[in-house]
Amino acid sequence: QGKGIERLLAAEKEAQKLVDSARKERASKLKAVHKEAGEEIAKYKAEKEAAFADLKTVVLSGTGDRDKALAVDTQLEIDEMKKATSHEAPKVAKMLVDKVCN
């Protein structure tokens with residue numbers, strides 16, 4: 001009967017070693033997977049940041065051209081208004097003088 005108990009204890013120790021080994025292997029695999037996932041995330045992030053930087057460059061380079069075109073159009077409209085008001089200014093001034101004086 002003593003040998004039976006010793007065999008049971010030995011089997012229990014062996015089973016515990018197997019469980020411990022499996023736990024260590026699982027932890028090791030989880031660390032490896034976690035590291036690999038982190039590397040993939042970093043790579044994906046770098047790709048997206050590079051794409052964003054390229055897009056930003058394209059958009060911002062186009063903005064300067066649009067700003068210049070808008071400034072030119074605005075100046076043309078201002079010049080046209082000044083021209084139109086300069087032709088009408090004498091008429092408006094005469095009309096105001098007539099209204100105030102008469």
Original post:
Does a side-chain heavy-atom distance below 4.5 Å link L8 with E12?
Top reply: no
**OP:** Measure the spacing between CG of L18 and NZ of K13 and express it to the nearest 0.5 Å.
**Re:** 14.5 Å
**OP:** Please round to the nearest 0.5 Å and tell me the distance separating atom CD1 of I78 and atom CG of D73.
**Re:** 11.0 Å
Subject >> Partner of K45 under side-chain contact (heavy atoms from CB on, under 4.5 Å), chosen from E49, K48, E47 >> reply: E49
Original post:
Is S21 reaching over with its side chain to a backbone N or O of K17, donor-acceptor style, under 3.5 angstrom?
Top reply: no
Original post:
Does a side-chain heavy-atom distance below 4.5 Å link H34 with L30?
Top reply: no
Original post:
Is E39 paired with K43 through a side-chain N to carboxylate O contact shorter than 4.0 Å?
Top reply: no
**OP:** List the steps, then state whether side chain to side chain contact (heavy atoms under 4.5 Å, CB included) holds for D20 with R23.
**Re:** CA-CA 5 Å; D20 289 343; R23 283 184 181 157; 4.2 Å; yes
**OP:** Look at the side chain of S28 and the backbone N and O of K24, then say whether any donor-acceptor pair between them is shorter than 3.5 Å.
**Re:** no
